[in-house]
Amino acid sequence: MHASLLRWLPFLAWPRPTSDTLVADARAGFTLGLILVPQAVAYAMLAGMPPITGLYAALIPPVISVLFGSCQLLGAGPVALTSMLVAGSLSGLAWAGSPRWVELAIWLSLIAGAIQILVGMLRLGMIVNFLPATVVGAFTQAAAVLIVLSQLPAMLGLDGRAVADLYQSARYADIAFSVDWAGFAFGVGTLVFLLALKKYSKRMPVVLGAALVCGIVSWLTGYGAKGGAVVGALPAGLPDFAVPAFLSWEDYRALLPAAAVIAIVSFVEALSSAKTISRSNRQRWDEDQEFIGQGLAKLTSAFSGAFPVSASFSRSALNLYVGARTGWSALFAFVCVLVSLLFLTPAIAHLPKAFLAAVIVVPVMNLVQPAFFVRLWRTSRPEAVIAVITAIATLISAPQLQWGVLVGFILSLSYFMYGRAHPRIIEVGVHEDGTLRDRARFALGALAPDVLAVRMDAALSFVTATPLEHFIMTRVRADPSIKRVLIYAGPINSIDTTGVDTLSYLVGNLREQGVEVYLAGLKKQVEDVLVASGAMAIIAPGNLFRTEREAIHSLVLPAGAAAQAH
């Protein structure tokens with residue numbers, strides 16, 4: 001099949017289903033769908049959206065993600081982190097749950113999806129590598145803490161706004177009297193139930209079991225009719241697929257940065273899931289194609305009147321665990337959501353909001369891992385500091401969580417540039433194994449009495465050229481006996497215009513002072529640039545050595561020292 005056709009329609013490369021694979025996919029898909037339904041409703045409320053939009057986001061977008069992505073077993077749909085980013089991004093622009101809020105969330109999904117599709121089509125999937133895992137991990141953990149804190153009032157049967165008012169007025173004792181004890185029982189009971197059966201959650205749809213129990217008890221006791229916080233009436237039927245009305249330019253400018261963060265962060269979540277799946281089933285995946293699949297899923301969610309979706313790590317892991325073989329499992333999960341939309345919305349209406357809060361809290365608690373920072377501290381203290389600052393910035397900037405990612409990215413980029421601006425430049429001597437090694441580390445003598453041998457472990461660029469120049473010139477000025485300078489260029493993988501100019505200056509300036517410059521171990525790509533720029537012409541032919549061994553034999557004096565290099 002033509003490669004270009006598979007790029008646009010990757011599902012055509014799916015293996016032909018068999019009775020065995022269909023049975024396995026049906027079992028996995030129905031299991032996933034039964035868990036997805038209550039989670040979708042919960043994550044919609046986390047995003048500040050009407051509960052029904054969660055089911056809209058869980059209907060067709062997961063199928064589109066699998067059809068046009070590269071990883072068939074990704075469990076896409078509404079997820080906690082992306083929902084929290086939506087809520088934070090729109091905070092201050094509209095009231096949660098209002099038509100204006102829904103309109104902005106739809107456009108947030110459209111813009112984020114368009115960004116992902118553009119990245120995938122331009123084959124720029126490597127852009128995710130510019131967001132370090134340390135920053136993503138710290139941001140995810142801080143966001144997880146915020147998600148848990150945001151759901152605690154509802155899970156404990158409290159009205160968040162009422163609690164805030166009582167707290168501000170220092171009426172702390174009244175907070176206990178404002179507890180809805182029935183809601184407390186639903187929320188805490190669900191929390192205990194899900195945590196107690198956590199180890200069985202991959203074999204049994206325990207979330208569905210909790211939903212059935214809470215829904216039935218709520219219905220039998222008339223919890224909602226008595227003023228309890230429940231999901232409430234939901235419209236039955238399929239979503240109205242439509243193109244949203246256009247916004248003002250000011251709205252687009254306000255949404256664009258948040259949409260970019262959602263596009264990158266949500267893809268990093270999908271990336272981690274795809275890597276896990278590909279390593280388990282030994283199937284190759286394509287990050288550019290996955291960008292396209294995730295982007296199309298977001299567009300589909302927007303046209304469904306819903307909010308941005310992403311791949312869920314927990315649902316993807318569950319899909320793999322229960323034996324899904326191909327992308328057909330997403331179609332069986334689609335059936336579960338479709339049945340829920342058509343026939344089960346009256347039953348979903350009785351679900352207590354305290355139950356939904358617990359459904360959000362339990363999987364998110366797994367993301368909070370303080371050991372992450374401990375491991376970082378042991379491995380790299382600068383990165384650990386960046387991670388801690390990222391987490392603090394995320395917590396402080398809430399609900400505008402995108403600022404936490406931005407702070408972490410800027411700090412990581414600054415640390416990266418600082419490291420590149422301070423390359424490792426050392427004097428080398430002849431080691432007993434016949435190679436050029438660090439003189440200070442191995443207590444080696446000079447290559448020869450009049451030779452300064454230098455090695456730089458970095459590219460020769462506008463960032464590193466000046467440190468190399470200063471290093472060599474400082475040594476030459478400090479020791480008048482130096483008449484020859486050897487630059488061992490083996491570790492130099494690339495050179496730019498500034499590097500060429502600096503090398504030319506060193507050769508010319510040192511030659512005027514009676515000091516010759518020698519080069520050894522030039523890589524082809526570096527030599528090609530020097531030849532093309534004309535800089536190679538100013539280096540005497542006898543001053544170039546292909547290997548460090550040639551340089552040692554030619555520069556070491558007396559001859560006995562050369563014999564030592566054998």
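Along the sequence shown, the residues carry numbers beginning at 1.
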If you take all heavy atoms of [X] and [Y], which pair is closest and at what distance?
| X | Y | value |
| --- | --- | --- |
| Met49 | Gly305 | CE-O, 4.2 Å |
| Val79 | Ser310 | CG2-CB, 3.8 Å |
| Leu238 | Leu338 | CD2-CD1, 3.3 Å |
| Gly97 | Val102 | O-CG2, 4.4 Å |
| Phe372 | Ala387 | CE2-CB, 4.4 Å |
| Ala112 | Ile262 | CB-CG2, 4.2 Å |

Counting only heavy atoms from other residues, nucleotides and ligands, does the tally under 6.0 Å from [atom1] of [X] exceed 12?
| X | atom1 | result |
| --- | --- | --- |
| Ile127 | CD1 | no |
| Trp107 | CH2 | yes |
| Tyr252 | OH | yes |

Could you measure the distance from the [atom1] atom of [X] to the [atom2] atom of [Y]? Nearest 0.5 Å is fine.
| X | Y | atom1 | atom2 | answer |
| --- | --- | --- | --- | --- |
| Asp180 | Lys226 | CG | NZ | 11.0 Å |
| Met45 | Leu356 | CE | CG | 6.0 Å |
| Phe303 | Leu110 | CZ | CG | 5.0 Å |
| Asp288 | Met126 | CG | CE | 6.5 Å |
| Ile360 | Met84 | CD1 | CE | 10.0 Å |
| Leu156 | Gln151 | CG | CD | 11.0 Å |

Tell me, do [X] and [Y] make a side-chain contact under 4.5 Å, heavy atoms counted?
| X | Y | answer |
| --- | --- | --- |
| Leu59 | Tyr56 | no |
| Val309 | Thr300 | no |
| Val41 | Leu55 | yes |
| Ile60 | Phe241 | yes |
| Ile348 | Pro38 | no |
| Glu290 | Phe267 | yes |
| Leu256 | Ile115 | yes |
| Val188 | Val192 | yes |

Test item: [X] side-chain N/O and [Y] main-chain N/O as donor-acceptor pair under 3.5 Å:
| X | Y | result |
| --- | --- | --- |
| Ser91 | Ala87 | no |
| Ser83 | Ala44 | no |
| Gln39 | Val359 | no |
| Thr190 | Phe355 | no |
| Thr21 | Pro17 | no |
| Gln116 | Ile292 | no |
| Ser301 | Phe307 | yes |
| Asn319 | Ala324 | no |
| Ser218 | His350 | yes |
| Gln402 | Ser89 | no |

query = Any side-chain donor-acceptor pair under 3.5 Å between Asp251 and Ser248?
reply =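 Indeed, the side chains of Asp251 and Ser248 share at least one donor-acceptor pair under 3.5 Å.
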task = Please check if any side-chain donor atom of Thr326 sits under 3.5 Å from a side-chain acceptor atom of Gln72, or the reverse.
result = no
inquiry  = Quick one, Phe332 with Phe30, criterion ring pair (Phe, Tyr, Trp, His ring centres under 6.0 Å). Give me CA distance, side-chain angles, the key distance, then yes/no.
reply    = CA-CA 6 Å; Phe332 290 107; Phe30 286 135; 5.5 Å; yes
Partner of Gln294 under side-chain contact (heavy atoms from CB on, under 4.5 Å), chosen from Pro308, Ser266, Ser65, Pro61 = Ser65
task = Only counting residues at least two apart or in another chain, list the ones meeting ring pair (Phe, Tyr, Trp, His ring centres under 6.0 Å) with Phe373.
result = none
remark   = Residues passing the ring pair (Phe, Tyr, Trp, His ring centres under 6.0 Å) test with Phe11, sequence neighbours excluded, are Phe68
Test log, rule side-chain contact (heavy atoms from CB on, under 4.5 Å), inputs Leu81 and Phe139 = CA-CA 10 Å; Leu81 183 56; Phe139 168 77; 3.9 Å; yes
ask   = Under the side-chain contact (heavy atoms from CB on, under 4.5 Å) criterion, do Ile35 and Leu208 qualify, and how do the steps go?
value = CA-CA 6 Å; Ile35 292 175; Leu208 177 65; 5.9 Å; no
query = Are Ile396 and Trp403 close enough, and set up right, to give a side-chain contact (heavy atoms from CB on, under 4.5 Å), and what steps lead you there?
reply = CA-CA 9 Å; Ile396 293 175; Trp403 292 109; over 6 Å; no
request  = Go through the steps for Val265 and Thr140 under the test side-chain contact (heavy atoms from CB on, under 4.5 Å), then give the verdict.
outcome  = CA-CA 9 Å; Val265 172; Thr140 300; 5.8 Å; no
